[in-house]
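In what follows, a structure is listed as C-alpha cells, so that the remarks can point back to it.
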Amino acid sequence: MKKQYDTFTFTASRNGTYKFCFSNEFSTFTHKTVYFDFQVGDDPPLFPSENRVTALTQMESACVSIHEALKSVIDYQTHFRLREAQGRSRAEDLNPRVAYWSIGEAIILLVVSIGQVFLLKSFFSDKRTTTTRVGS
C-alpha cells in the first residue's frame with residue numbers, strides 16, 4: 001500500500017484460473033501504471049545435465065548467485081523503463097499546453113507593449129483645441 005514500486009510473488013498451490021484486482025482509493029485523480037510479469041512454471045535448471053544430489057562446487061554456486069542477481073536486475077530495468085515511459089508520456093501531454101501558453105504570453109506582451117506606446121504617445125502629443133469667436 002502507498003508504494004511507488006513493489007514486487008509481489010505468488011506461487012499457485014493448484015491449477016486453475018486466478019483473478020486479482022487493484023484499488024485506486026489512495027489517489028483517484030492520478031493515473032496509475034501497473035506492470036504484470038507472469039512466470040508460469042519453474043525456471044529451467046542452470047545445470048540440466050547434472051541430476052545429482054551433491055553439493056555445488058564454488059563455481060556452480062557463484063553461477064547460481066549471479067543468475068539470481070541478474071533476474072533482479074531485469075526486474076529493476078523493467079521498472080525503470082516503465083517509469084521512463086510514464087515520464088515521456090507526461091512530457092508529451094504537457095508539450096502542447098506549454099506551447100499554447102507561450103504563444104498566449106507572446107500575444108499579451110505584444111498587445112500590452114503596443115498599448116503602452118500609444119499611451120505614451122498621447123502624453124506627448126499636442127492636442128490643443130482653440131475656439132475663437134468672431135462676432136459682434
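Atom set for the values below is all heavy atoms of this structure, side chains included, hydrogens, waters and symmetry mates excluded. In this chain, numbering begins with 1 at the start of the sequence shown.
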Task: Residue pair Glu60, Thr57: steps toward the side-chain contact (heavy atoms from CB on, under 4.5 Å) verdict - done: CA-CA 5 Å; Glu60 291 170 340; Thr57 65; 3.3 Å; yes
Can you tell me how far apart [atom1] ([X]) and [atom2] ([Y]) are? Round to the nearest 0.5 Å.
X      : Y      : atom1 : atom2 : result
Tyr100 : Asn95  : OH    : CG    : 10.0 Å
Thr78  : Arg83  : OG1   : CZ    : 14.0 Å
Asp75  : Phe80  : CG    : CZ    : 11.5 Å
Ile74  : Arg81  : CD1   : CZ    : 9.0 Å
Leu110 : Ile114 : CG    : CD1   : 4.0 Å

TODO: Please check if the side chain of Ser89 supplies one atom and the backbone of Ala85 the other of a donor-acceptor pair under 3.5 Å.
DONE: no
TODO: List the atom of Ser72, the atom of Ala69, and the distance in Å for their closest heavy-atom pair.
DONE: OG-O, 2.7 Å
Open item on the list: Between Val117 and Phe124, is there shared hydrophobic-cluster membership here, with clusters defined by ILVMFWY side-chain heavy atoms closer than 4.5 Å?
Closed with: no
Open item on the list: side-chain contact (heavy atoms from CB on, under 4.5 Å) for Ser102 and Val98? Distances and angles first, verdict last.
Closed with: CA-CA 6 Å; Ser102 299; Val98 170; 4.2 Å; yes
Task: Heavy-atom side-chain contact between Ile66 and Cys63 under 4.5 Å - done: no
Open item on the list: Would you say OH of Tyr18 has more than 12 non-hydrogen atoms from neighbouring residues, nucleotides or ligands within 6.0 angstrom?
Closed with: yes
Open item on the list: What I want to find out is whether Lys71 reaches Glu68 closely enough, with some N-O distance under 4.0 Å, to be called a salt bridge.
Closed with: yes
